Protein chains: 4
Amino acid sequence: MVKKPTPDASRRSEKSRRAIYEAALALVAENGYPRTTIEGIAARAGVGKQTIYRWWTSKADVLLDAFLDLAEQGARQSGEEPGEAAEVHGGIPDTGDLAADLKAVLRATVDGLLDPKFEAPSRALAAEGLVNEQLSRELVARLLEPQLQLYVHRLRSAQESGAVRPDIDPRIALELFVSPVAQRWLQHTGPLTYAYTDTLVDYALYGLAPR
Amino acid sequence: MVKKPTPDASRRSEKSRRAIYEAALALVAENGYPRTTIEGIAARAGVGKQTIYRWWTSKADVLLDAFLDLAEQGARQSGEEPGEAAEVHGGIPDTGDLAADLKAVLRATVDGLLDPKFEAPSRALAAEGLVNEQLSRELVARLLEPQLQLYVHRLRSAQESGAVRPDIDPRIALELFVSPVAQRWLQHTGPLTYAYTDTLVDYALYGLAPR
Amino acid sequence: MVKKPTPDASRRSEKSRRAIYEAALALVAENGYPRTTIEGIAARAGVGKQTIYRWWTSKADVLLDAFLDLAEQGARQSGEEPGEAAEVHGGIPDTGDLAADLKAVLRATVDGLLDPKFEAPSRALAAEGLVNEQLSRELVARLLEPQLQLYVHRLRSAQESGAVRPDIDPRIALELFVSPVAQRWLQHTGPLTYAYTDTLVDYALYGLAPR
Amino acid sequence: MVKKPTPDASRRSEKSRRAIYEAALALVAENGYPRTTIEGIAARAGVGKQTIYRWWTSKADVLLDAFLDLAEQGARQSGEEPGEAAEVHGGIPDTGDLAADLKAVLRATVDGLLDPKFEAPSRALAAEGLVNEQLSRELVARLLEPQLQLYVHRLRSAQESGAVRPDIDPRIALELFVSPVAQRWLQHTGPLTYAYTDTLVDYALYGLAPR
DNA sequence: TACTAAGCGAGACGGTACGTCATGTCTTGAT
DNA sequence: ATCAAGACATGACGTACCGTCTCGCTTAGTA
């Protein structure tokens, strides 16, 4: 969401902005990211190309904002009517049973990753990020890291309650179960099932070596 | 490496093929994947565009073959003059000390991932794979999975020697230390250092919970 | 000058149009029609290819407009500074001596046909017209027929003054001296000299048969 | 029919040559000259491209030979079974009535020009000739001029019998009725009817001026 | 209330690359 | 040794988008 220097944001057309987000997400979902074009987004949104170029620097930039907007809407909804998605957006439950809590959250994460509404744009952003480090940093800072910090909190709480060794670095530890899920999703290196994520938590918490 | 239907492969020009691989890799390294064009590859290779379109279906397809060729060359070399890269291409050492062996391999992997000669094309392929599932499957089957199977072998050997619990699934276990490295590399979620990979191995082998 | 359906002609760039005409005429004159390409015209005119494809349907179509424009300029000039080309563009003199008048006009026509500035593009258009009837009709209607009507007028005036029999159809009669010139020019069936055109007029006016 | 220097004509495949002629004429008739390609001719004739390039220099060159071959066949046939086309290929009748003879021949010429089997290739050749002077000379020398010489003979005979003034140049005179037909055919400047050609002969023979 | 300056839809523009087609040359196998 | 087959380097084709640049037209906020 890098902004161009001059334009006067206060005069900005809210209607166009929303139309652009919707068009961008719809086109990516329908045709895939590479076949989505700025001209196509403008046409679908009923908007001049310049209106896009005025506020964003690239296709990825538009999509990033569109996706953040989508995520925000999701968060707002799950705030209003707290339900199954609560863990994803709202935090990680702390029932005292660390393994159970982590399994629950990972299951919800898997559901989110496979939700078709999110999958196309998030893959697209991730792909762009691979090759465009600046976008990647933006993505990580605004979407990924906030999620990961929730795990950090939960693990610290577990350390306090003695369920996790105190010398463990939570920021690294969380990757033991989060990264495998991420990689399977990103690279199709294996199926994403509940059984799989449960196993990950078990292995990570108790280790591979005989106790 | 999806082949177009008809052309007669026996008449194929070996010289052109090699020139195309070199041009593709060089251009991706110099300008990045998105700014590498098929026209550019053809021009740099001194080859007609049609010669590319005859044998490959897309830019990604060319780059995949080029990269596989590069990997093969690497493998052939490390077979001939066994050296530092031996673990990456040739297998995982089995000194009896599982932790030490895994740490050594992961360090070598990090070196490989950060080698500028490999980084640009592999990021490019990974990015394309994110969005193009067919390519992704190809990549995983021909590059990634063979690597991962080496870990499977080593872990099985550790199970036999009692260093790893017999009920552990090695194919899943290996992701505990491989996937975090992959994700940090793919998504820039954190630095890739030896200290980090060593820690990963320690956490994974002995778990997070107090023993 | 067949127009593509939609584009908004009021926004059209006059500068580009003129540059395209000049480039087209220059390239045809320099390299000949078949070796003139749309890409070449665009490059020479400093114009995007699309700007040509937006307003014309084919190379021949461009050249037709360019040529008409050239003819118009010629006409405008000869209107302003009436000189030798007056007969070609501006009408046929009527001195009362039909034979002399026709001979003068035919001589001027020959000069025009052999003018290198006109020859290449008009041959090119004529050639294209041979094989592309639609273009041919356009050519005849917009360039040739207006010229021929001048002869019709002059011959009618001659009929009024009694120099030509009243039962003669002027539209056919004019072909007796115009078509031979055209054919010699088109097909190189013989030299185009003043002596030749004078002879044609004599033969045509007084007939071949003994009187 | 410009020949490439070296190849040994005695080894030439007659079958291929004929197949190429047929393919060339058929394709020009079906798709028009510009959309006829050498590759297409080769494919249709079941012949390698090289076999064409070995014996001819260009598409026009092939077509010229094909057309001459066609004309020869026609001539041979009309020699064997003398019929309506006799005048076109075999000469001009000399019944003593010059006007009648010329009208008959011109009518036959019109029939020939409008015969669909001949029209496409001859237009194509004429078009190519417009822009390719070398081909044009070939065409005129081998096809057109021999035809015109028949008129020269007939007009000379008429001069001997006193039907045409002795000071007339027959080579020029013939153009008075032949060229208008040629131009109408070449440039679509008017309809080609028997009435028209008859009128041409009348005008040309008796002149336009009152007697 | 009118003026003015922005954002806006529209889309022409100079470009780049696309993927296809045909050119004319060259090589290979078979007949 | 000639032919068919067709791979090759070349280069133009016509199309799709790029990102920039006018155009008139709302549409505020200021005069």
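All values derive from a computational prediction rather than experimental measurement. Chain A is the first sequence line, chain B the second, and so forth, proteins listed ahead of strands; every chain is numbered from 1. These values consider heavy atoms only, across backbone and side chains, with no hydrogens, waters or symmetry-generated copies.
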Engineer: Report the distance from atom NZ of D:K15 to atom C1' of F:dC3, rounded to the nearest whole Å.
Structural biologist: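 Taking NZ of D:K15 and C1' of F:dC3, I get 10 Å after rounding.
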Engineer: CG of A:L27 versus P of F:dC17: gap in Å, rounded?
Structural biologist: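 Answer to the nearest Å: 11 Å.
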Engineer: On DNA chain F, compare the nucleotides closest to B:K49 and A:I38; which residue's is nearer the 5' end?
Structural biologist: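 Going by which nucleotide is closer to the 5' end, it is B:K49.
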Engineer: Taking the side chain as every heavy atom from C-beta outward, state whether A:L25 and A:D69 have any pair of such atoms under 4.5 Å apart.
Structural biologist: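 Result no, sub-4.5 Å side-chain heavy-atom pair not found.
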Engineer: For DNA chain E, whose closest nucleotide is more 5', that of A:D8 or that of D:K59?
Structural biologist: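 Of the two residues, A:D8 wins.
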Engineer: To the nearest Å, how far apart are D:I52 CD1 and F:dG6 P?
Structural biologist: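 It works out to 15 Å between those atoms.
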Engineer: In whole Å, what is the span from the CD atom of D:E39 to the C1' atom of F:dC8?
Structural biologist: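 From D:E39 CD to F:dC8 C1': 12 Å.
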Engineer: Output the rounded distance in Å from CZ (C:R12) to C1' (F:dC21).
Structural biologist: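 Checked: the CZ to C1' distance equals 18 Å.
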Engineer: Of the listed nucleotides (E:dC18, E:dG14, F:dA12), which one gets closest to any side-chain atom of C:V47?
Structural biologist: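 Of the candidates, E:dG14 comes closest.
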Engineer: State which of F:dT20, E:dG19, F:dT15 makes the closest approach to the side chain of A:Y53.
Structural biologist: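 Selected nucleotide (nearest to the side chain): F:dT20.
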Engineer: Begin from the C-alpha positions of A:E30 and A:R44 and carry the test side-chain contact (heavy atoms from CB on, under 4.5 Å) through to its verdict.
Structural biologist: CA-CA 12 Å; A:E30 286 168 22; A:R44 169 95 158 225; 2.8 Å; yes
Engineer: Could C:R18 and C:W55 be counted as a cation-pi pair, given that NZ or CZ must be under 6.0 Å from the ring centre and within 45° of the axis?
Structural biologist: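 No, C:R18 does not sit over the ring of C:W55.
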Engineer: Is a side-chain donor or acceptor of D:D61 paired with a backbone partner of D:T57 at a separation under 3.5 angstrom?
Structural biologist: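 Judged by distance alone, yes, a pair lies under 3.5 Å.
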Engineer: If I take atom CH2 in residue C:W56 and atom P in nucleotide E:dA12, what distance separates them, rounded to the nearest angstrom?
Structural biologist: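 One finds 14 Å between P of E:dA12 and CH2 of C:W56, rounded.
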Engineer: Would you indicate, yes or no, if E:dC13 has its OP1 or OP2 atom less than 4.0 angstrom from a side-chain nitrogen or oxygen of C:W55?
Structural biologist: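 For C:W55, the contact criterion (side-chain N or O under 4.0 Å from OP1 or OP2 of E:dC13) is met.
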Engineer: Take the protein atom CD1 of D:I20 and the nucleotide atom C1' of F:dC3, then report the distance between them rounded to whole Å.
Structural biologist: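 One finds 11 Å between C1' of F:dC3 and CD1 of D:I20, rounded.
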Engineer: With hydrogens left out and only the distance checked, is there a donor-acceptor pair under 3.5 Å joining B:Q50's side chain and the base of E:dC21?
Structural biologist: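 Present.
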Engineer: Which part of the nucleic acid, if any, lies within reach of D:S16 when heavy atoms closer than 4.0 Å are counted: base, sugar-phosphate only, or nothing?
Structural biologist: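 Since only primed, P, OP1 and OP2 atoms lie under 4.0 Å of D:S16, the category is sugar-phosphate.
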Engineer: Encode nucleotides 24-31 of chain F as B, S and - characters from 5' to 3', where the letter depends on protein heavy atoms closer than 4.0 Å: B to the base, S only to sugar-phosphate, - to neither.
Structural biologist: ----S---
Engineer: A side-chain contact here means heavy atoms from C-beta on lying under 4.5 Å apart; do B:L64 and B:W56 qualify?
Structural biologist: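 The answer is no, as the side chains (C-beta and beyond) never meet within the 4.5 Å cut-off.
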Engineer: Considering just the side-chain nitrogens and oxygens of B:T51, establish if one lies under 4.0 Å of OP1 or OP2 belonging to F:dA9.
Structural biologist: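 Checking B:T51 against F:dA9: at least one side-chain N or O falls below 4.0 Å of OP1 or OP2.
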Engineer: Nearest whole angstrom, please: distance from the C1' of F:dA7 to the CZ of B:R17.
Structural biologist: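 In whole Å, F:dA7 C1' and B:R17 CZ are 15 Å from each other.
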Engineer: Under 4.0 Å between any heavy atoms, over every strand shown, what does D:G40 touch: base, sugar-phosphate, or nothing? Just pick one.
Structural biologist: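 D:G40: no heavy atom of the nucleic acid under 4.0 Å.
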